[in-house]
Amino acid sequence: MVLVVPGELVQIVQRGGVRWAKKSWWYRRPPPWAGGKIELLSVPQLRACLELARTASANFGAKGLIGGLPAIAAKVAEAMAGKSYGGIKPEERRRLRHETVTPATIRKLESLIRRKGGAGLAAPTPVA
């Protein structure tokens with residue numbers, strides 16, 4: 001279920017078959033395309049969605065279970081395994097996030113300490 005909060009979407013998630021969850025339901029940020037906003041996806045994400053849709057459509061009508069999954073899900077998983085559609089790899093995404101967020105956070109914290117008259121603050125840390 002997607003709940004519309006002014007200017008934002010919130011998804012309500014139920015525990016269902018998840019045994020490790022302590023709560024019976026919780027909120028989470030919905031996927032970017034929730035609420036019909038597919039244009040917010042990046043080109044690599046759009047390519048992956050297109051391939052997923054084509055693969056699922058080609059296997060329409062498959063019945064039964066394969067390896068514990070519904071037949072269509074197993075066929076889609078097999079067809080999509082190992083494919084890459086471009087975009088940034090997780091390691092690179094982490095490095096970029098570190099390089100952009102960490103220096104800004106350090107500068108902001110130092111500024112707040114100076115503004116509040118914090119004593120004992122060393123000279124500003126040189127940040128790359």
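Note that the structure is predicted; figures quoted are calculated from it, not measured. All heavy atoms count here, side chains included; hydrogens, waters and symmetry mates do not.
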Do any side-chain atoms of residues 51-74 form donor-acceptor pairs under 3.5 angstrom with protein atoms, and if so which ones, sequence neighbours left out?
from, atom 1, to, atom 2, distance (Å)
Glu51, OE2, Lys83, NZ, 3.2
Thr55, OG1, Glu51, O, 2.8
Asn59, ND2, Thr55, O, 2.9

| field | Partner set under salt bridge (charged side-chain N to carboxylate O under 4.0 Å, His left out) for Arg47, not counting sequence neighbours | value |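 Residues passing salt bridge (charged side-chain N to carboxylate O under 4.0 Å, His left out) with Arg47: none at all.
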Which pair of heavy atoms, one from Ala48 and one from Tyr85, lies closest together, and at what distance?
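Minimum heavy-atom contact is CB-CD1, 3.7 Å.
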Going from CD on Glu110 to OG1 on Thr105, what distance comes out if it is rounded to the nearest 0.5 angstrom?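 It comes to 11.0 Å.
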So Arg95 and His98, do their side chains get closer than 4.5 Å, heavy atoms only?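 In short, these two side chains do not touch, never coming nearer than 4.5 Å.
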